[in-house]
Amino acid sequence: MAKPCRVRLLASFLVATAFAFASAFPNPFSAAADQQQIPRILHQVYLDGDLALKQESRRNDTAFRSEWLESCRRATRGWTHMFWDLEKARALLSDKYSWFLPAFAAYPKTVLRGDAIRPFILHAYGGLYLDMDVECFRSPEPFMAGFDLIFQSEFPEADDINNAIMAGVPGHPFWMQMMIMLFMKYDQTLRTDISWSLILDSTGPGISKAAFQAFFPGIAREDNLLGSWRATSSIVKVFGLGTWYCPCRWNDQVCHRQVDEMRGNDTLPSNMMGHHRYSGSWTPTKHGLYRGQAVLLADRASHLGLTLYLWSFVLLAVALAAAARPLLRRCRSRRAPDLTLPIALLRRTRSTARLRGD
Ligand SMILES: *[C@@H]1O[C@H](CO)[C@@H](O)[C@H](O)[C@H]1NC(C)=O
Ligand SMILES: *[C@@H]1O[C@H](CO)[C@@H](O)[C@H](O)[C@H]1NC(C)=O
């Protein structure tokens with residue numbers, strides 16, 4: 001009698017443990033099904049508009065080509081494609097972020113506006129933002145599932161966050177962090193002698209990096225930013241140089257040529273979604289402002305997380321089993337069930353029946 005009792009007890013404890021554990025600590029390293037996904041929207045910004053872009057494309061020393069825009073639309077077939085010109089950008093701001101409209105209007109250069117509008121677009125709609133000098137090879141969709149924010153680092157040190165390639169869910173407060181940092185710096189641009197480094201610092205990658213540092217201080221302290229991170233209630237991915245949309249350093253002409261050749265002979269690596277060509281004339285900003293310690297790469301992080309998760313399950317089960325030992329002891333010491341009363345009742349019933357029958 002004791003054996004089935006113990007087995008039942010053990011089974012019910014295991015089930016109870018599993019339920020208690022799963023409800024108290026949902027596995028943070030599996031992408032939850034109810035998580036909001038980055039919407040399938042491709043945003044591209046050319047404030048001078050579609051016509052100006054077509055004209056620019058015809059020049060042979062062009063910085064931007066409509067073929068590249070088209071290649072990205074082809075690579076995201078089935079997505080919503082949003083092309084932002086100045087009119088649309090202004091309408092978005094006056095509709096939802098009118099507090100920024102005066103600053104936006106005051107920027108003395110179009111390039112500043114083209115930079116500044118990005119977090120507003122991504123906050124309002126979510127999706128993938130790509131610069132106009134990005135050519136696309138394939139759909140990024142298989143690499144986007146489960147993440148709230150996706151960034152690109154473009155330097156070998158992997159301590160930067162580029163604003164040319166950004167993706168995320170709509171309404172994410174990181175975009176607000178970027179907006180605030182833009183707003184705090186916009187008056188620096190109100191001067192006539194605007195250098196490229198000032199642009200990079202006041203609306204360009206300087207802002208995306210500063211916002212990242214402010215919003216994800218834990219990640220920013222690491223030696224490099226590459227990998228998948230769980231921080232500030234978000235799952236964040238940072239792709240590095242050589243993957244995602246930045247196969248090459250901005251000034252590595254040999255690499256840029258090789259990518260074209262690989263595209264020609266169909267040997268592009270599968271983690272290369274496109275080619276940021278850096279055709280916009282610009283100079284590198286000072287980078288490497290912060291270099292933390294330690295590395296927690298994506299796969300290592302999730303592997304460690306899963307291991308810890310399983311081990312904590314085992315520990316909880318052991319703890320519960322220890323707590324259940326008194327019950328188990330009762331189980332063991334319990335004698336065969338006392339059947340005197342039912343037998344007596346049965347006998348009485350039978351005797352009564354017999355009496356009646358007789
Ligand atoms: C661009 O066109 C000009 C004249 O139309 C020509 O002289 C120049 O070599 C061309 N440049 C390239 C890179 O094709
Ligand atoms: C394709 O092009 C790349 C880049 O130039 C080169 O390294 C590679 O050997 C080429 N592969 C083939 C199969 O031609």
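Both ligands and their constituent atoms are indexed starting at 1 by order of listing.
- In this structure, His43 contributes its side chain and Ala167 its backbone to no donor-acceptor pair below 3.5 Å.
- Taking the ring axis of Phe239 as reference, the NZ or CZ atom of Lys237 stays within 45° of it and closer than 6.0 Å to the ring centre.
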Does the salt bridge (Lys or Arg N to Asp or Glu O under 4.0 Å) test come out yes or no for Glu135 and Arg65, once each step is laid out?
CA-CA 9 Å; Glu135 181 184 12; Arg65 284 184 189 278; over 6 Å; no
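- Of the residues Asp252, Asp131, Asp260, the one that meets the salt bridge (charged side-chain N to carboxylate O under 4.0 Å, His left out) test with Arg277 is Asp260.
- Classified by interplanar angle (parallel below 30°, tilted 30° to 60°, perpendicular above 60°), the ring pair Phe216/Phe174 is parallel.
- Closer than 4.0 angstrom to ligand 2 lie heavy atoms from Gln258, Glu261, Met262, Asn265, Thr267.
- Sorted by first and then second residue, the disulfide bond (SG atoms under 2.5 Å apart) pairs with a member in residues 162-241 form an empty list; sequence neighbours excluded.
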